[in-house]
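Written below as structure tokens is the structure these notes are about.
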Amino acid sequence: MYDLAGPIAEIAILLVLAAFGLYVLRYHGEWFVRKAKVYLFTTDHKRIGLMYITTGIIFFFIGGIYAVLIRTDLGIVQGLGLDPQTTLGITPDVYSTLFTMHGVLMIFMFIMPVLAGFGNYLVPSMIGAKEMALPRINAIAFWMLPPAGVILLLSNAYAGWTGYVPLSTQAYGPNPHGVDLWITGLHILSASSMLGAINFLVTIVKHRAPGVHYWNLPLFVWATLVNSVLLIFALPSLSIALTMVLSDRNFGTHILAAANGTPLGGALLYQNMFWFFAHPEVYVMVLPAFGIISTVLPKLARKDIFGYGAMAVSLGVFAVLSFAVWEHHMFVTGISTDLRFVFMLSTMAIAVPSAVKTFNWVATLWGGQIWMAVPMWFCVAFITGFVIGGLSGLLLASIPIDYLYHGTYFVVAHFHYILLGGTLMGIFAGIYFYYPIWTKRWYSQALGHVHFLLTYVGVNMLLFPMFILGAEGLPRRVYTYLPTANFQFWNFVSSIGALILGLGQLVFAFNMIYSYFAGRRVTTDDPWGEPAPTQMTGPRPSTPLPTSRGLPVSAVPAESAP
């Protein structure tokens, strides 16, 4: 059964990609060859940024297929009282693979590459640099992504996206080397992210134009700078933990395995090392989205960002506190009460910079001449989703409440509200804002609004029932559940939300692809009308900054890629 059902997602993906490839070659063959020559060998930061974003969106749809299969199993099939093994061929082993691959692809192959793409495209132009500090390293970092993604897809790993031991150290007959391939792919992605982080750091610190100082950097550049520091300090912990698992699996080292006499100690060691990486990683996945919102929202509100200094400082506070909260993922593992109390306080302290940013975004809108274009709708959606995710996280920071909700769907809802209700909305705000600059063509505004409506309704319909399910005790990471009326009903509602969300992304894909070839041409230098009141999102610099045809550096790159 496993051999037949396991590759369902990959086969569907290959068929879709093959059909799209045949269409492009049939009707746009010459254009494709010309573009391929340009992009394969480029070191231009704008083209590399667009390739990051395109690659990430492709894997967004791949990871989405896994998610739809999971929700179809839990909500549609089991929600209607059917057997998933006989209905869909989804066995517990297949479900574990779907769950693992969905998580790792969405985090490492969608969110991180897309946000890195925005950084590549925007940061040099925003600071007045001609190029990234290390352009060839920049290209190498990108070209490590596609093979890593293929390796991850081929791995069909089954150990959960966290890779907890002892599950990840055990051999699994039908797929004995799945975790080994999974770790190899993650090692390649870690190296790529490290190269990119170093490149961003050097570029921002050493390649700013005269007059561009730290206290007049656009907030997107601040977010990218802090993001790079987080990656440099957090990634080694993940790499070491994964290397230990790889060594235990293949070389008999028993660093984490039960044979060393301390099975619980090995499991807790891995969890500590993983979460020391993974909680800063949560902010790696949301800080650049903060920067995108802080760029798009003031532009479309026709106002400077409110409280620039507080916004910049709060990004630094996020960086410091993100390394002081990882143990809240382990409140129920038996650690001392004193230690839990310290991590509870540090976790609650993160609510302060979160609130500063949220209130400042709202204050920026207050009194502005707001243009409710498609990007602004996604900015507002980002704020609402981030607030829900942040408040639910504050509940989980409380030790007694975490004891109740740990390991339930309440945690799933919290985490996904941050990433879907927050980061995803920020990414779409950025794509819709910069698309006419990238392509010199407008997308369909009507389809953009349809996409927003389906996405916003889908996300909330998908995730909010999970709070109810978690409060009623439904465990997460389970293949099946007790067929109670409430569990079945709310899982069914959640899965309908997933289908609505997926339908919205098909509208998005059609809009972007069709508009690239047939959209109305942009006839002005700045497609979003009058420039912002100042050139930067911070105080005016002491000397004039480089601009793009008189446009604000913070909003429009120096030149768009062809």
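Computed from a prediction, not measured in an experiment: that's the story for all the values here. Just so you know, these numbers use all the heavy atoms, side chains as well, and skip hydrogens, waters and symmetry mates.
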L105/L153 under side-chain contact (heavy atoms from CB on, under 4.5 Å): CA gap, chis, key distance, verdict: CA-CA 8 Å; L105 290 177; L153 287 173; 3.7 Å; yes
Verdict with supporting geometry, T162 and R477, side-chain contact (heavy atoms from CB on, under 4.5 Å): CA-CA 11 Å; T162 57; R477 301 173 181 168; 3.8 Å; yes
side-chain contact (heavy atoms from CB on, under 4.5 Å) evaluation trace for I111 with F60: CA-CA 8 Å; I111 292 178; F60 169 60; over 6 Å; no
Trace of the side-chain contact (heavy atoms from CB on, under 4.5 Å) decision for Y516 with Y435: CA-CA 9 Å; Y516 183 88; Y435 185 88; 3.5 Å; yes
Worked check of ring pair (Phe, Tyr, Trp, His ring centres under 6.0 Å) between F318 and F290: CA-CA 12 Å; F318 273 119; F290 288 168; 5.5 Å; yes
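Side-chain contact between L420 and L462 is present, with heavy atoms from C-beta onward closer than 4.5 Å. Counting heavy atoms from C-beta on, the side chains of D73 and L98 never come closer than 4.5 Å. Side-chain contact between T55 and F59 is present, with heavy atoms from C-beta onward closer than 4.5 Å. Between T295 and L219 the shortest side-chain heavy-atom distance does not fall below 4.5 Å. Looking only at side-chain heavy atoms (C-beta outward), L189 and L186 come within less than 4.5 Å of each other. No side-chain heavy atom of F378 sits under 4.5 Å from any side-chain heavy atom of I293. Looking only at side-chain heavy atoms (C-beta outward), M194 and L231 stay at 4.5 Å or farther from each other. Contact check for T423 versus I427: side-chain heavy atoms found under the 4.5 Å cut-off.
Within a 6.0 Å radius of NE2 in H177, no more than 12 heavy atoms belonging to other residues, nucleotides or ligands are found. No more than 12 heavy-atom neighbours from other residues, nucleotides or ligands sit within 6.0 angstrom of CZ on F233.
The distance between the ring centers of F41 and W143 does not fall below 6.0 angstrom. In this structure, Y52 has its ring center closer than 6.0 angstrom to the ring center of F142. Residues W438 and F118 place their aromatic rings such that the two centres sit under 6.0 Å apart.
Formation of a donor-acceptor pair under 3.5 Å by the H279 side chain with backbone atoms of W275 is not found in this model. At distances below 3.5 Å, at least one donor-acceptor pair connects side-chain atoms of D248 with backbone N or O atoms of L256. Panel note: side chain N250, backbone L246; a donor-acceptor pair is recorded below 3.5 Å. A donor-acceptor distance shorter than 3.5 angstrom exists from the side chain of S237 to the backbone of M273, with no hydrogens or angles considered. H328 contributes no side-chain N or O that, together with a main-chain N or O of F343, makes up a donor-acceptor pair within less than 3.5 Å. The backbone N or O of T243 sits nowhere less than 3.5 Å from a side-chain atom of S247 that would complete a donor-acceptor pair. Looking at N272, its side chain does come within 3.5 Å of a backbone N or O of L268 through a donor-acceptor pair. At least one donor-acceptor pair closer than 3.5 Å links the side chain of N175 to the backbone N or O of S155. The closest donor-acceptor contact from the side chain of Y95 to the backbone of V478 lies under 3.5 Å. At least one donor-acceptor pair under 3.5 Å links the side chain of S168 to the backbone N or O of G163.
Interatomic distance, L287 CG to S314 OG, rounded to the nearest 0.5 Å: 9.0 Å. Rounding to the nearest 0.5 Å gives a distance of 4.5 Å between CG of N138 and CE of M132. One distance of note links CE of M285 with CG of L230; it measures 11.5 Å at 0.5 Å rounding. Taking CZ of F277 as the start and CD1 of I240 as the end, the distance is 12.5 Å to the nearest 0.5 Å. Atom OG1 of T42 sits about 6.0 Å away from atom CE of M51, to the nearest 0.5 Å. Considering CG of N227 and CD1 of I232, their distance stands at 10.0 Å, rounded to 0.5 Å.
Nearest approach of F276 to A234, heavy atoms of both residues: O-CB, 4.4 Å. In terms of heavy-atom proximity, H102 sits nearest to I70 at CB-CD1, 4.2 Å. F382 approaches G422 most closely through the heavy-atom pair CD1-O, 2.8 Å. For G56 against P113, the heavy-atom pair with the smallest separation is CA-CB, 4.4 Å. What you find for V284 and L115 is that their closest heavy atoms are O-CD1, 3.9 Å. Taking all atoms of both residues into account, the shortest heavy-atom contact from V165 to G266 is CG2-O, 3.8 Å.
Note that R208 lies in the cation-pi zone of Y214, set by a 6.0 Å cut-off to the ring centre and a 45° limit from the axis.
A perpendicular orientation is assigned to the rings of F274 and Y164, their planes being inclined by more than 60° (bins at 30° and 60°).
Side chains of H451 and T455: a donor-acceptor N/O pair is present below 3.5 angstrom, by distance only.
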